2 protein chains.
Amino acid sequence: MHDPSDPPCHAAGLGAAIKLDYKRIRMNLSEGPSMKATYREVKADILSKITKGHWAPGSLIPNEVELAESYGCARATVNRAMRELADDGLIERRRKAGTRVRSSPVRQARFDIPLVRREIEDKGAEYRYSLASRSIEGAPDWLRARLQLEAGAEALHLVCMHYADGDPFQHEDRWINLGALPQAADADFTQTGPNEWLVATIPFSTAEISFSATLADRALAEYLACDTGAPLFTVERATWFEGDANTFVRLTYRPGHRMTTRY
Amino acid sequence: MHDPSDPPCHAAGLGAAIKLDYKRIRMNLSEGPSMKATYREVKADILSKITKGHWAPGSLIPNEVELAESYGCARATVNRAMRELADDGLIERRRKAGTRVRSSPVRQARFDIPLVRREIEDKGAEYRYSLASRSIEGAPDWLRARLQLEAGAEALHLVCMHYADGDPFQHEDRWINLGALPQAADADFTQTGPNEWLVATIPFSTAEISFSATLADRALAEYLACDTGAPLFTVERATWFEGDANTFVRLTYRPGHRMTTRY
DNA sequence: CAGTGGTCTAGACCACTGA
DNA sequence: CAGTGGTCTAGACCACTGT
């Protein structure tokens, strides 16, 4: 994930394809300090020792000073390689105890959370947006619970649709906390979606996101032009900015949608 | 994601809560080089400048040398702070062009992909495993396509169930490529699941993972003790080791399952 | 070609933590 | 208390890339 050669959208580069400098092709990193190694080469070499089983899961790796000597580089260089491997979940480091190969590597995947517009345009399809309904309501109990809002909090409730080449792609059911974002009441959501407005207004926030499967009820089926009872992939997201909840959204995708990544 | 103070399982620490050294409490990082700053302090300070709007999205940030002077630290220290912010998707760096605040930050979330056993035991429930069926079959066409297997490839097909406190939790439909893992044919999957065997056998591999929603058919409904037609959250994963596909699995969760994270 | 980030170094001190 | 990783430095050279 640090490696600039990783594809930008995916993660945890196990296959750290390093750009090979042909001057270095002949060197055998496992042997002597024939040439100084870069941190990427060190990282790649250690990685291969792990994946090829030379260093078994759970076993202790030489310490940084020793590795630096054997690779013929500075300790800081080894340190960076090891730190990234630790971030990638492949090794475990503890002071005094040393560094070990993880017995069962942490499996983690990183997902991009794109704006719908980009998601659609990246497919090469034409994006279209439409606002289905807009109202200001007292926040219902489930929403107040979810966002930790006070009793009596008011929210802007929007229902929108996103289309790809004219076909329904995603249904958006959004609540904006007017206590934190009163200016949302004056925003015009008929031309662009609330997501784009929010990104422009509060670009940096923390979020809680969850994925699940839901059944198409009558209304959703009509919006998404699918059968009632279809299984739909759903994303819910709540975001906060400086402690205040500002929005909750439920995004429901058309049938068959998948979210994919590599790691 | 680099910050050791982040919770271990989640990601992209926007709220980089740094452990405050009380000796430093009085210093104002935005002012002079009254005291040397650590990379975490630099990172936190830059982050706050961004989130609080002092540095607008799209705007240019001072270069490393200038920042190092204003924070009273070495350029390498600023570099590490900035590199991590770039990894977190908050800023964009280009040689010669300098560093800019991302106009719309890259939203990405990191998910842990736990073993089912851990997932269940972490809930405080008792884990139970059961093998429902086992057979060696020619790989069906869809599987050969998905894993890029040759015609005539043989696969071990396993169907398993995972229970939490006796209730069905997850249905596992797994195919193991016997071309790459012939020893799987001799493994005993009656006591422990194929996942644990695979982790022990080929701990490091690359994977493609995808999430979707599927409908419970008759068989799934019986396995999961739910109604036919229930919407089920599904994870599919294919893994490769050194270019050879070794397994494909479809994991279907009991109704109502959610996968959640923060970022 | 010049400005910016990318990386490396040799050495230093610090912080944790296992024995 | 001693060994290991965590971080910082001051300086250097390199690799891109905008102008």
Side-chain angles (χ1 to χ4, degrees), chain A residues 1-6 16 18-24 29 33 35-44 46 59-87 90-102, chain B residues 1-6 16 18-24 27 29 33 35-46 59-87 90-102:
Chain A
M1 65 202 84
H2 307 258
D3 191 332
S5 69
D6 280 351
I18 64 173
K19 199 194 296 178
L20 284 177
D21 179 341
Y22 69 88
K23 284 180 299 187
R24 292 173 177 277
L29 282 166
M35 187 184 281
K36 289 180 178 179
T38 67
Y39 86 91
R40 290 190 193 203
E41 290 165 337
V42 173
K43 183 178 177 183
I46 293 177
S59 67
L60 200 60
I61 287 179
N63 70 31
E64 295 190 348
V65 176
E66 290 169 357
L67 287 173
E69 281 169 10
S70 75
Y71 288 116
C73 64
R75 181 167 77 100
T77 303
V78 172
N79 181 272
R80 176 155 181 200
M82 303 276 273
R83 180 156 35 82
E84 296 197 355
L85 286 168
D87 281 347
L90 287 158
I91 60 179
E92 219 171 359
R93 322 195 72 196
R94 268 151 62 211
R95 288 168 167 156
K96 165 78 180 178
T99 301
R100 295 180 173 278
V101 180
R102 279 199 191 254
Chain B
M1 66 200 81
H2 307 260
D3 190 330
S5 68
D6 280 351
I18 63 173
K19 200 193 297 177
L20 285 177
D21 181 339
Y22 70 89
K23 284 179 302 185
R24 293 172 178 277
M27 71 182 292
L29 282 168
M35 187 184 281
K36 289 179 176 179
T38 68
Y39 88 91
R40 288 186 194 210
E41 288 164 339
V42 173
K43 183 179 177 183
D45 189 63
I46 293 176
S59 67
L60 200 59
I61 287 180
N63 68 33
E64 295 189 348
V65 176
E66 290 169 357
L67 286 173
E69 281 169 11
S70 74
Y71 287 117
C73 65
R75 181 168 77 98
T77 303
V78 172
N79 180 271
R80 176 153 180 200
M82 303 275 274
R83 180 156 35 83
E84 295 199 355
L85 287 168
D87 281 346
L90 288 156
I91 60 178
E92 220 171 358
R93 322 195 72 196
R94 265 152 62 211
R95 287 167 171 160
K96 165 78 180 177
T99 301
R100 294 179 175 279
V101 181
R102 284 201 116 106

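A note on names: the letters A, B, ... follow the listed sequences, proteins ahead of strands, and every chain is numbered from 1. Keep in mind it's a predicted model, so treat the numbers as computed, not measured. Note: hydrogens, waters and symmetry copies are ignored here, and every other heavy atom, side chains too, is used.
- Between A:Gly98 and A:Ala76, the one whose closest nucleotide on DNA chain D sits nearer the 5' end is A:Gly98.
- Dashed line: the shortest gap from a side-chain N or O of A:Arg40 to OP1 or OP2 of C:dT7 is under 4.0 Å.
- The side chain of A:Arg80 places an N or O atom within less than 4.0 Å of a non-bridging phosphate oxygen (OP1 or OP2) of C:dT7.
- Contact annotation: A:Asn63 reaches the phosphate of D:dT4 (side-chain N/O to OP1 or OP2, under 4.0 Å).
- The separation between A:Arg93 atom CZ and D:dT7 atom P is 10 Å, rounded to whole Å.
- In this structure, CG of B:Leu85 is placed 13 Å from P of C:dG5, rounded to the nearest angstrom.
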Could you summarise the pairing of DNA chain C as dot-bracket text, marking Watson-Crick and G-U pairs under 3.5 Å with ( ) or [ ] inside the strand and | across strands?
||||||||||||||||||.
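- B:Glu64 has its CD atom 11 Å from the P atom of C:dT7, to the nearest Å.
- Counting to the nearest Å, the P atom of D:dG3 and the CZ atom of A:Arg100 are 17 Å from each other.
- Considering A:Glu64, A:Glu69, A:Glu66 in turn, A:Glu64 is the only one that fulfils the side-chain hydrogen bond (donor to acceptor under 3.5 Å, both in side chains) rule with A:Arg75.
- When the side-chain nitrogen and oxygen atoms of B:Arg95 are compared with OP1 and OP2 of C:dG3, none of them lie within a distance under 4.0 Å.
- For C:dG18, the OP1/OP2 oxygens have a side-chain nitrogen or oxygen of A:Arg94 closer than 4.0 Å.
- In this structure, B:Tyr71 places its OH atom 18 Å from P of D:dA10, rounding to the nearest Å.
- A:Lys96 places its NZ atom 18 Å from the P atom of C:dA15, with the value rounded to the nearest Å.
- The residue among B:Val65 and A:Cys73 whose nearest nucleotide of DNA chain C lies closer to the 5′ end is B:Val65.
- Distance A:Arg83 CZ to D:dT7 P: 7 Å, rounded to the nearest Å.
- Using a 4.0 Å cut-off between charged nitrogen and carboxylate oxygen, A:Glu92 and A:Arg102 count as a salt-bridge pair.
- The heavy-atom pair separating B:Val42 from B:Ala37 by the smallest distance is CG2-CB, 3.8 Å.
- Taking all atoms of both residues into account, the shortest heavy-atom contact from A:Leu60 to A:Thr99 is CD1-O, 3.4 Å.
- Contact annotation: B:Thr99 does not reach the phosphate of C:dT4 (side-chain N/O to OP1 or OP2, under 4.0 Å).
- Look at B:Asn79 and you won't find any side-chain N or O under 4.0 angstrom from OP1 or OP2 of C:dT7.
- Side-chain N/O atoms of A:Thr77 include one lying less than 4.0 angstrom from OP1 or OP2 on C:dT9.
- Taking side-chain N and O atoms only, A:Arg75 has no distance below 4.0 Å to OP1 or OP2 of C:dT9.
- Atom P of nucleotide D:dG5 and atom OH of B:Tyr39 are separated by 16 Å, given to the nearest angstrom.
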